[in-house]
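First the structure, in the form of structure tokens, and then the observations on it.
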Amino acid sequence: TSLVGSEMCIRDSRNDVKQHDAIKHLIDQGVSGLILEPTQSLQILEDHPIHKLLNSTDIPVVTTHWGINSKSVSTVTLDDIYAGRLAAQYLLKMGHTRIGYIYKKDIQAGYDRHLGFSEELEKLGYPLKENYCYPFTGFDEAENGFQGYTLTKKMLEDNDEPPTAIFYFNDNLAIQGYKALSEMNMEVPEDVSVLGFDDHNNAAIVSPPMTTFAHPKYDLGRWVAKIIIDEIENNFNRLPMKLIFEPKLVERGSVADITS
């Protein structure tokens with residue numbers, strides 16, 4: 001098989017039904033391979049129509065940020081459990097024990113990062129308190145696209161003893177948190193420290209510059225492309241693989257050291 005002159009088709013979907021139909025349409029159209037990052041990935045179990053559809057096709061499939069249990073599907077992802085553990089270790093090292101967490105719970109990355117974060121806090125003697133943990137779903141986000149802003153305010157209003165640090169699932173949520181904290185006359189990091197995730201371009205230019213974790217999206221995308229091309233060109237001898245990247249802390253100025 002030669003990929004010279006090949007075309008790339010991109011489909012976007014926001015729910016299970018549209019997602020299943022989009023995947024089936026692409027397969028029926030005769031695509032040579034499929035790259036997939038599913039929405040609400042935690043709901044796609046072995047008996048789910050999307051899982052069955054992917055297992056029934058002979059074309060190469062590479063998924064991102066989804067730990068699908070299939071011998072016929074390759075996946076490229078970030079070690080989000082490890083990322084959560086690193087976040088817990090870092091905030092505790094900086095002296096924070098009252099720690100809030102705002103995250104998206106219905107996707108693989110959100111579930112895994114929360115698992116690593118909560119387990120590490122528990123292991124180190126500072127379990128994540130339920131009143132400091134504010135999850136949301138894709139449905140919540142569709143109704144209100146400012147979950148970081150809304151939940152930061154709610155967390156601080158609901159707790160007489162507010163957290164000294166908040167870990168956000170991504171930098172976009174954290175930037176919304178900056179806005180909420182500012183409106184409540186609270187300073188970052190003097191009153192509340194902020195830890196983001198992704199190292200989005202805006203993370204370096206907010207004030208103060210945000211401490212976050214680098215998410216190697218470019219390298220991840222390059223490997224996805226390399227794997228799908230290799231599997232298309234060697235379809236009859238392909239060996240599906242799992243490639244896992246590790247996050248890296250990018251320390252700036254949004255997390256205060258309160259150990260002294």
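Quantities reported herein were computed from a predicted structural model and do not represent experimental measurements. Heavy atoms only: backbone and side chains are in, while hydrogens, waters and symmetry mates are out.
The shortest distance between side-chain heavy atoms of Tyr126 and Ile99 does not fall below 4.5 Å. Using a 4.5 Å heavy-atom cutoff, the side chains of Asp112 and Gln108 are in contact. Side chains of Pro60 and Ser74 form no contact here, defined as non-hydrogen atoms less than 4.5 Å apart. When side chains are defined from C-beta on, Ile81 counts as touching Arg85, because their heavy atoms get closer than 4.5 Å. For the pair Leu181 and Asp191, the minimum side-chain heavy-atom distance is 4.5 Å or more.
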Legend entry - Verdict with supporting geometry, Val73 and Thr75, side-chain contact (heavy atoms from CB on, under 4.5 Å): CA-CA 7 Å; Val73 175; Thr75 184; 5.5 Å; no
Legend entry - Pair Lys105-His114, side-chain contact (heavy atoms from CB on, under 4.5 Å): steps then yes or no: CA-CA 8 Å; Lys105 69 177 184 178; His114 172 261; over 6 Å; no
Legend entry - Stepwise side-chain contact (heavy atoms from CB on, under 4.5 Å) check, Met184 with Glu157: CA-CA 10 Å; Met184 299 180 79; Glu157 289 168 351; 3.8 Å; yes
Legend entry - Ser193 and His96: CA distance, side-chain angles, deciding distance, side-chain contact (heavy atoms from CB on, under 4.5 Å) verdict: CA-CA 9 Å; Ser193 290; His96 299 278; 3.4 Å; yes
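To the nearest 0.5 angstrom, Asp106 atom CG is 8.5 Å from Glu141 atom CD. Interatomic distance, Ile23 CD1 to Thr57 OG1, rounded to the nearest 0.5 Å: 10.5 Å. One finds the CD atom of Gln29 at 7.5 Å from the CG atom of Leu26 (value rounded to the nearest 0.5 Å). Interatomic distance, CD1 of Ile227 versus OG1 of Thr63, reported as 9.5 Å (0.5 Å rounding). One finds the CD1 atom of Ile35 at 8.5 Å from the OG1 atom of Thr64 (value rounded to the nearest 0.5 Å). With rounding to the nearest 0.5 Å, the separation of CD1 in Ile166 from CZ in Arg98 is 11.5 Å.
Residue Gln176 comes nearest to Gly148 through the heavy atom pair OE1-N, 2.9 Å, listed as atom of the first residue, atom of the second, then distance. In this structure, Ser32 and Ile59 approach most closely via the heavy-atom pair O-CB, 3.7 Å. The shortest non-hydrogen separation linking Ala214 to Pro216 is O-CD, 3.7 Å. Nearest heavy atom pair, residue Leu220 against residue Leu78, reads CD1-N, 4.5 Å. For the residue pair Glu120 and Gln89, the shortest heavy atom distance occurs at OE2-NE2, 2.9 Å. The shortest heavy-atom contact between Pro163 and Leu156 is CD-CD2, 3.9 Å.
A donor-acceptor pair under 3.5 Å is absent between the side-chain atoms of Ser182 and the main chain of Tyr178, judged by distance alone. Using a distance-only test at 3.5 Å, with no hydrogens or angles considered, a donor-acceptor pair links the side chain of Asn170 to the main chain of Leu173. Counting only distance, with no hydrogens or angles, the side chain of Arg113 and the backbone of Phe169 share a donor-acceptor pair below 3.5 Å. Side-chain N or O atoms of Asp198 include none that pairs as donor or acceptor with a backbone N or O of His200 at under 3.5 Å.
For the side-chain hydrogen bond (donor to acceptor under 3.5 Å, both in side chains) test with Asp171, the passing option among Asn202, Asn201, Thr212 is Thr212; the others fail.
Below 30°, between 30° and 60°, or above 60°: for Phe213 and Phe167 the angle between ring planes is above 60°, a perpendicular geometry. Note on ring orientation: taking the six-membered ring where Trp is involved, the planes of His215 and Phe197 are perpendicular (angle over 60°, cut-offs 30° and 60°).
Within 6.0 Å of NZ on Lys179 lie no more than 12 heavy atoms contributed by other residues, nucleotides or ligands.
Tyr149 and Leu195 sit in two unconnected hydrophobic clusters of ILVMFWY residues. Membership requires side-chain heavy atoms under 4.5 Å apart, directly or through other members. Residues Leu151 and Phe146 do not share a hydrophobic cluster, defined by chaining ILVMFWY side chains whose heavy atoms lie under 4.5 Å apart. Tracing side-chain contacts under 4.5 Å through hydrophobic residues (I, L, V, M, F, W, Y), one reaches Tyr168 starting from Tyr82; they form part of the same cluster.
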Got a list of side-chain donor-acceptor pairs under 3.5 Å for residues 129-138, not counting sequence neighbours?
unit_1	atom_1	unit_2	atom_2	d
Asn131	ND2	Asn159	OD1	2.5
Tyr132	OH	Glu161	O	2.4
Tyr134	OH	Asp158	OD2	3.1
Thr137	OG1	Phe139	N	3.3
Thr137	OG1	Asp140	N	3.2
Thr137	OG1	Asp140	OD2	3.2

I'd like a table of donor-acceptor pairs (distance under 3.5 Å, sequence neighbours excluded) in which one partner is a side-chain atom from residues 243-259, with atom names and distances.
unit_1	atom_1	unit_2	atom_2	d
Glu251	OE2	Tyr90	OH	2.8
Arg252	NH1	Asp199	OD1	3.1
Arg252	NH1	Met210	O	3.0
Arg252	NH2	Asp199	OD1	2.9
Ser254	OG	Val194	O	2.5
Ser254	OG	Thr211	N	2.8
Asp257	OD1	Thr259	N	3.0
Asp257	OD1	Thr259	OG1	2.6

